[in-house]
Amino acid sequence: MARSRLAHSPALDGVRGLFMLCFMAFHFGATWLSGAWVGINLFFVLSAFLITRLLVEEKMLRGGIDAIAFYRRRARRLLPALFLVLGFVVVYAFLWADETVRSKIGGDVLATLGYVMNWRLIGEGDQYFGTQGGASPLRHAWTLAIEEQFYVLVPFVVLGLLALARSRRLITLVLLVGAVTSAVWTAVVGFHDAGDYPRVYYGTDTRAQALFVGAALGVWLAPGANGRVPTVSRPVVVASGVVGVVSSIGAFFVVGPYSAWMFNLGGMFVFALGAALLVLACADERPSWVHTVFGWRPLAYAGRLSYGLYLWHWPIRLAFGPERFGGNAVIAFVVDAALTVAAAHLSYQYIERPVLRKGVRGLFPSVRSASGVAAAVVAPVIALAGTGFAVAQSAPDTSGSPPVAAAPAGPPPELVEGQAGYEPEEPARIGVYGDSVPFYLADRFPADAFPGVTVHNYAKEGCDLLSAPMSWAPGFQMGNQPECVAMKEEWPQQFEQAGDEVLVIFASPLLAVPHVVEGERLWLDDEAYLELITDRLDTVRREANDAGAQQVQIVNVPCRKPVKESIPEEFRVVFDSSPHVVQEYKDPKRINSLVAEWARGHDDVALVDLHGALCSDGYQAKIQGIQVFNDFLHFSPEATPMIWDHLLGRVSESYEQAAP
């Protein structure tokens with residue numbers, strides 16, 4: 001390609017640098033920048049703009065596009081830094097990463113090298129805002145994948161459009177239609193619950209709208225055959241800068257992690273247009289306030305380092321997070337930022353720039369032949385992929401059931417001194433109803449320790465008492481799984497066939513999570529939500545009575561220690577978005593008050609106060625020397641007999657008191 005006549009714009013570098021620094025800050029703990037992810041739109045717009053404009057210029061000046069030279073330039077720009085980071089990631093996975101991350105690192109490295117990481121994450125159902133625990137150190141490579149997929153196609157798309165339409169205005173319009181089509185398709189795919197999120201967030205087709213917008217701007221502002229760059233009136237440029245800055249920076253504060261309108265109502269398209277306006281203002285060569293602000297040297301230099309900053313910041317954060325510094329988030333922020341900038345600077349100065357100027361010979365001057373150059377590219381790919389799979393193979397096999405520690409021999413210790421004991425066959429058959437907490441209790445029921453009683457398990461993992469969708473954060477909801485729906489329909493018949501005498505309902509901590517009712521997000525401080533819960537409890541009680549239950553008992557919710565890593569990754573956003581939910585999880589006063597009031601309102605319902613037994617002195621990690629929870633949510637196998645000893649005593653006592 002002939003040397004470009006387009007002047008270098010420090011302001012464009014500065015825009016890239018500013019948004020990259022904000023993006024880093026969000027990942028490093030500045031959660032108030034929750035909308036920083038929208039900045040990815042700007043990166044897509046800017047990349048597509050620059051690449052498309054250069055390709056159109058090449059076509060105008062030379063009459064064609066040298067695709068091979070284009071791909072060679074892209075490889076020189078992208079691969080050296082990527083190889084370096086992948087080497088670091090493989091070492092990190094081997095030395096520090098947990099077993100889950102390590103077991104997948106081979107596939108992650110291969111998907112990154114093949115630039116298909118976005119589709120791998122979609123296939124895994126990865127939740128981008130699921131915090132850092134268990135996340136792949138190459139999760140962020142999804143953006144590289146989408147850009148590379150764009151690079152593969154764009155030379156031929158540009159050639160095709162220029163051959164079909166000589167008017168660049170028409171080509172610009174066609175590309176904008178492509179952007180609108182992508183936005184409409186994104187709404188069709190839709191974000192309605194947690195399962196939809198990976199598809200709309202990581203999809204090439206859903207993200208294409210920003211690339212189309214950037215490409216349209218690149219075609220419009222590319223030099224013509226005479227080498228002149230089209231100009232835009234100064235008032236339009238000034239207005240574009242203002243609108244672009246306000247919309248792009250405003251997104252940090254008005255867009256949440258799970259804002260459904262970004263996908264369902266064209267929000268990403270609107271912000272892509274805002275990013276394009278900012279790019280337009282920065283690309284204009286006439287002096288302006290935009291050039292002064294974004295052309296500031298430190299920002300411009302950060303922009304030149306942006307690729308390295310992006311590559312390094314995420315794996316460095318995982319390797320050197322707050323847990324490495326005693327939980328001190330400030331120290332971790334400073335250290336991670338310093339390490340990222342240092343790594344990006346050294347990579348840019350001593351790896352990336354030499355390769356950009358001289359190719360492989362920039363690092364290995366003795367390499368002259370084409371075969372030597374090819375070997376210098378292929379060898380790292382093979383070495384990294386092979387090493388990644390070797391590290392993955394070193395991870396322990398977690399495909400089977402986790403080992404269950406043996407319960408202490410002999411009678412279980414008392415949970416509460418002097419607690420009531422179980423009277424055999426009073427009742428003889430008990431049904432257990434609820435979510436994963438009672439499911440595991442019933443599944444691990446120590447029958448040998450309690451002769452004279454049979455426990456039937458009508459609980460289901462992840463099964464919410466309510467049928468309305470849960471909403472862990474605004475715009476983020478999750479409906480009942482099919483297995484849960486089936487359980488709710490089938491349990492009364494199974495209860496009747498088993499001849500169970502008592503149904504024990506376990507109130508769930510999931511009730512502390514807001515639910516969406518008729519389009520409104522409701523919580524425990526809303527009368528309509530409380531009524532929804534009591535109506536559902538009434539329904540379960542009626543179903544039990546119709547199935548032959550002699551009594552219904554309900555177990556309240558014990559206190560727990562709120563730890564992010566103790567809940568599924570896709571739900572961890574609640575820690576940042578809903579502190580009141582976390583507090584209720586820690587000390588479920590509202591839920592237990594509601595449960596107690598409901599039990600008092602029915603003569604055939606008895607309350608089992610598990611919270612009082614476990615939490616009279618606050619949260620206790622161990623009781624009688626036994627670990628109570630194995631994951632801060634479910635009772636440990638060792639504690640299960642102790643929990644059952646208390647529960648059966650209370651169930652038996654209440655059953656005897658209710659006897660005629």
Side-chain angles (χ1 to χ4, degrees), residues 23 37-52 55 67 70-71 74-75 77-79 82 107-129 135-136 138-161 174-192 195-219 258 260 262-273 275-276 307 310-311 314:
F23 195 65
W37 66 273
V38 183
I40 294 171
N41 258 8
L42 186 141
F43 298 148
F44 285 156
V45 168
L46 182 54
S47 293
F49 164 74
L50 293 172
I51 293 298
T52 305
L55 290 172
F70 169 76
Y71 295 136
R74 290 291 85 203
R77 180 67 188 98
L78 301 176
L79 293 182
L82 181 63
D108 289 346
V109 169
L110 192 62
T112 300
L113 288 169
Y115 289 99
V116 291
M117 188 61 177
N118 63 320
W119 293 104
R120 176 173 170 82
L121 293 172
I122 290 171
E124 292 178 341
D126 182 87
Q127 297 284 339
Y128 182 80
F129 290 100
S136 168
L138 294 171
R139 173 193 268 173
H140 64 319
W142 73 272
T143 62
L144 310 181
I146 290 178
E147 290 202 11
E148 186 64 23
Q149 291 157 25
F150 168 74
Y151 296 150
V152 168
L153 296 175
V154 66
F156 304 104
V157 171
V158 170
L159 280 172
L161 289 174
V174 169
L175 291 170
L176 288 176
V177 169
V180 172
T181 302
S182 172
V184 172
W185 172 245
T186 301
V188 171
V189 174
F191 172 38
H192 306 292
D196 299 330
Y197 199 73
R199 179 66 181 83
V200 294
Y201 191 86
Y202 293 124
T204 306
D205 48 353
T206 57
R207 290 290 185 168
Q209 50 195 290
L211 294 168
F212 273 120
V213 168
L217 185 64
V219 170
Y258 293 100
M262 287 290 292
F263 307 98
N264 300 340
L265 299 176
M268 286 207 298
F269 176 72
V270 171
F271 282 110
L273 292 178
Y307 178 55
Y310 185 78
L311 284 177
W314 180 246

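All figures in this text were calculated on a predicted structure; none of them were measured in a lab. Quick note: numbers below take in every heavy atom, side chains included, and nothing from hydrogens, waters or symmetry partners.
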Check [X] against [Y] and note the closest heavy-atom contact, atom names and distance.
{"X": "A272", "Y": "A210", "value": "CB-CA, 4.0 Å"}
{"X": "L311", "Y": "H140", "value": "O-NE2, 2.9 Å"}
{"X": "V213", "Y": "A179", "value": "CG2-CB, 3.7 Å"}
{"X": "N41", "Y": "M268", "value": "ND2-O, 2.9 Å"}
{"X": "F191", "Y": "A260", "value": "CD2-CA, 3.7 Å"}
{"X": "A183", "Y": "Q209", "value": "CB-OE1, 3.5 Å"}

Do [X] and [Y] come close enough that some side-chain heavy atom pair is under 4.5 Å?
{"X": "M262", "Y": "F271", "answer": "yes"}
{"X": "T204", "Y": "W119", "answer": "yes"}
{"X": "F43", "Y": "I146", "answer": "no"}

Partners of [X] by salt bridge (Lys or Arg N to Asp or Glu O under 4.0 Å), sequence neighbours excluded?
{"X": "E148", "answer": "none"}
{"X": "R120", "answer": "D108, E124"}
{"X": "R74", "answer": "none"}

(request) Name all residues meeting the side chain to side chain donor-acceptor pair (under 3.5 Å) criterion together with W37; count only those two or more places apart in sequence or in a different chain, and write none if there are none. (result) none
(request) Sequence neighbours left out, what passes side chain to side chain donor-acceptor pair (under 3.5 Å) with T112? Give chain and number order. (result) none
[X]: partners by side chain to side chain contact (heavy atoms under 4.5 Å, CB included), with sequence neighbours left out:
{"X": "V270", "answer": "none"}
{"X": "L159", "answer": "K59, I65"}
{"X": "I40", "answer": "F23, F44, W142, T143, Y201, R207"}
{"X": "A216", "answer": "T172, L175, L176"}

(message) Would the distance check show the side chain of Y307 and the main-chain N or O of L78 forming a donor-acceptor pair, the cut-off being under 3.5 Å?
(response) yes
(message) When you measure from the side chain of Y71 to the backbone of V152, do you find a donor-acceptor pair of N or O atoms at a distance under 3.5 Å?
(response) yes
Rounded at 0.5 Å granularity, tell me how far [atom1] in [X] sits from [atom2] in [Y].
{"X": "L144", "Y": "Q149", "atom1": "CG", "atom2": "CD", "answer": "10.5 Å"}
{"X": "I51", "Y": "L211", "atom1": "CD1", "atom2": "CG", "answer": "11.0 Å"}
{"X": "L113", "Y": "L82", "atom1": "CG", "atom2": "CG", "answer": "6.0 Å"}
{"X": "N264", "Y": "D196", "atom1": "CG", "atom2": "CG", "answer": "8.5 Å"}
{"X": "F269", "Y": "T181", "atom1": "CZ", "atom2": "OG1", "answer": "9.5 Å"}
{"X": "L265", "Y": "T186", "atom1": "CG", "atom2": "OG1", "answer": "12.0 Å"}

(request) Check ring pair (Phe, Tyr, Trp, His ring centres under 6.0 Å) between F212 and all other residues, then give those that pass, not counting sequence neighbours. (result) none
(message) So if I apply the ring pair (Phe, Tyr, Trp, His ring centres under 6.0 Å) rule between Y197 and each of Y202, Y128, F263, which one comes out positive?
(response) F263
(message) The test is side chain to side chain contact (heavy atoms under 4.5 Å, CB included); show your working for F150 and T52 and say whether it passes.
(response) CA-CA 10 Å; F150 168 74; T52 305; 3.9 Å; yes
